Every structure is written in structure tokens, then in C-alpha cells.
Amino acid sequence: MALVGILTAIEVMKSAVYSNFSSMGVNSFQISSDVMKKKKHRGGFSTYVTEGKDITYDEARAFKQRFTFPARVGISVNGTSVATVHYASEKTNPNIRVIGVDEQYLPISDMKVDLGRDFSQYEVEGVSYVCIIGSSIAKKLFHNKPANAINQIISVGDVKYRVVGVTETKGGSMVMDPDNTVLVPLGTARSVYGGGQSYLISVRVNQVEAKEFATEEAEGLFRVVRKQPLKAADNFSIMQNDALASMLMDNIKYIRWSAVVIGIITLLGSVIGLMNIMLVSVSERTREIGVSKAMGARPSAIKRQFLSESVLISLMGGVIGVISGICVGNLLGIAFKTGFIVPWLWMMMGVTLCGIVGVISGIYPAIKASKMDPITALRYE
């Protein structure tokens, strides 16, 4: 149960990662200041260290103006991730994320405005205290009536905004929760939170087949924008969904190996426990063994009897453990909404290991039973 449960949970996590990154759009990529460098430590363990140079607003705007590839280009900046939103006597938890965005953010992020409207070009470039809120925020503040949020004045921290739109419900992911996010115009975010943050450039190409070429052109253009020398290493990174997923998978594999070690320790404990049970069984059935031998049973028959009992007990426990482990592991699937996952490989491996445990645990008690003297066994009380 421990082994299969943990490994099922890991499979659920993997499925959730791929599902979440796929929902972000397979034809988009981001240019960020974070350069993830992999460093290996003793024992083969790897960690990722973030390096790089912040992307300024002028650099992001210059790239957007000069990138002529057939694609959408958007600029965004993270204002805060710990905001509290107020309306009248209602307020949210202090875990609301505020993002400054331009007019391309929603199409690139595959988000839609369910109620109200998107920002206008004037609002994005100027300082307009308007916002678009996530559906969860609207339901919390307006008593499950998101439509009532339009044109209302809310407070995000100490700043008041007029709600012009409510995004459709998308559900949370491992990356972010758009339903608990407040979007404000890019110019407003720069005014409220300062212009010293690092900006994120998002690109969504029109054709998926052209994504690789767009990525190469974007990298070359941004090096020119940053005036980097020809042979200098990039001080920025182009993050794609599959690259992010691979990075997470690389870290998840260490969790898998840890689970295997836990499972092996658990199985070693079960070997000792099952062997003790079988030894007690041999002692309690001494007279039965004596009667069997007196009636002509061979030592090999006695050995097969106890060995088969040990294997059967182990397999029965293994099957129950596998079923329980799958059910426990899929509890995580309910949270991530990934559906029911059955790890067939680990299931078969778990049952096989239980059979091996049964043989190892039963071989010594079986040999001990087969070597008993029938006369001594018959006298045993």
C-alpha cells in the first residue's frame, strides 16, 4: 500500500503537470529574466539555481515593437502575490495575485472575459484605475453573483479600482490560479508598484509549426535589444511549456526513487513479520506435522504446504495493499482533477515483490517443518 500509494500519487502529479502546461497553450513561449542553471551535488542530486538580468520595461517594449514575426506579443509584470481585496464588508484572503498586463495578455494566456470587457489601448498605456478580477474573487465579494461586480469600486490593498470585467472560471493549476487573480493595466501597475520589477514577455505564434522558428528569431532579436556581445551567453531565458514540464519531471524523479526506498524498507519489515507468523504456525501445528509424517507424508510435501501457505498469505496481502494504494494515491487526483490513474507497471511489480516476499519468508519455516521428527512431533503438546 505504501509503495503503490506513493507511486500512484507521483503518476497523478505527472499527469497534472502535463495537463496544466498544455492548457497554457502549446503555441506560446515566454521570455523571462530567470536563467535556470542545473548544478549537480555529491550523490548525483541536482538543483536548479536562478540567475539572469532583469528585463526592463523599455527592453520589453522595444522587443514588442520590433518583433515582426506573425505572432501576438504581450508584456506583463507581477505586482504582488499577497494582496487582499475588499468590497463593502467583504474581503478575500491575503493570497490574491495582482498582475499588470497589456491588451494581448488575455488572448495569449487563453483566458476570456466572461462578464464586462477587456482593457482598452488608452487604459493600458495610461494610468487608469480599472481592473479585471477572477471569478472566485467576484463570487466571494458579491455573494455568488459575479455580474454585480461590473462597474463597482473595490480596494486591492490600499488602492481603489473600478471593475470592468470578470474572467471565466478556469480552475487552479500548479502554475497559478487565474480565478484568484486581479489584472490591472500595465501602466497602472508600473505607477502603483514601481517600475523596478522584471517584466515578462509572452509570445503566441499563429501556427504551431512555426513555433521553433519564432523562438530562434525572438532569441536573436532580444540579444540585439540587450546589446549582448556575439559570443556572450544569454542572460535571459526562453521558457516553453515542454521545457518547464521537463524541469519539474526531473525533480519528481527523485521523489519516485525516495518512494521506492520507502517501499523496500516496508517490504523488508513485511519479510520479518511474515516469517515470524510462519514460525509460530509451525510451532502451533507440530502435532499436525507429526500426524502427516506418520501417515506417510514426505518432507518435500510438508515443505510445499508451508511454502505455498506463506506465498498465498503474502499475495493476498499484496493484492489488498495494491488496491488500497491505488485508491489512496488517486485521492490526489481528485484535488488535481486528473481522473482515475492505474499504475499498471507498479501494480504488477508490487504483486511480484509480494510473491518473492512470500517465498523468502516461508522457506525457512517450511524447511524447519519438513525436518521434524514424527515421533517427537506426535508427543508435542
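Excluded from the calculations below are hydrogen atoms, water molecules and symmetry mates; all remaining heavy atoms, backbone and side chain alike, are included. Just so it is clear, the structure is predicted and the values come from calculations on it, not from any experiment.
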Linking I/L/V/M/F/W/Y whenever any side-chain heavy atoms sit under 4.5 Å apart, do [X] and [Y] land together?
X	Y	answer
Val328	Val351	no
Leu274	Val319	no
Phe69	Val225	yes

Take Tyr87 and Val85 through the test side-chain contact (heavy atoms from CB on, under 4.5 Å) and record every step on the way to the result. CA-CA 7 Å; Tyr87 175 76; Val85 183; over 6 Å; no
If you take all heavy atoms of [X] and [Y], which pair is closest and at what distance?
X	Y	answer
Ala218	Phe63	O-CE1, 3.6 Å
Ala297	Ile302	CB-CD1, 4.2 Å
Lys64	Val73	CE-O, 3.3 Å
Ala71	Val203	CB-CG1, 3.9 Å
Asn148	Gln152	O-CG, 3.0 Å
Ile133	Ala149	CD1-CB, 4.2 Å

Only one of Lys53, Arg223, Arg226 forms a side-chain hydrogen bond (donor to acceptor under 3.5 Å, both in side chains) with Asn235, so which one is it? Arg226
So with a 6.0 Å cut-off around [atom1] of [X], is the heavy-atom count from everything else above 12?
X	atom1	answer
Arg117	CZ	yes
Tyr364	OH	no
Lys140	NZ	no

Would you say the side-chain atoms of [X] pair up with the backbone N or O of [Y], donor to acceptor, closer than 3.5 Å?
X	Y	result
Gln228	Ala233	yes
Asp179	Ser136	no
Ser314	Val357	no
Ser310	Val359	no
Lys293	Ser370	yes
Ser292	Glu288	yes
Thr215	Lys211	yes
Asn93	Asn95	no
Ser109	Leu106	no

Please test Phe142 against Glu90 for side-chain contact (heavy atoms from CB on, under 4.5 Å), starting from the C-alpha separation and ending with a verdict. CA-CA 8 Å; Phe142 297 93; Glu90 299 293 334; over 6 Å; no
Start with the C-alpha gap between Tyr129 and Val192, add the side-chain angles, then the distance that decides, and say whether side-chain contact (heavy atoms from CB on, under 4.5 Å) holds. CA-CA 10 Å; Tyr129 291 92; Val192 174; 4.0 Å; yes
If we only count heavy atoms from C-beta on, is the Met275 to Pro365 side-chain gap below 4.5 Å? yes
Relative to each other, are the rings of Tyr199 and Tyr57 parallel, tilted or perpendicular (30° and 60° limits)? tilted
Any side-chain donor paired with an acceptor under 3.5 Å for Asn180 and Arg97? no
Could you check Thr80, Val77, Asn78 and say which one makes a side-chain contact (heavy atoms from CB on, under 4.5 Å) with Tyr193? Thr80
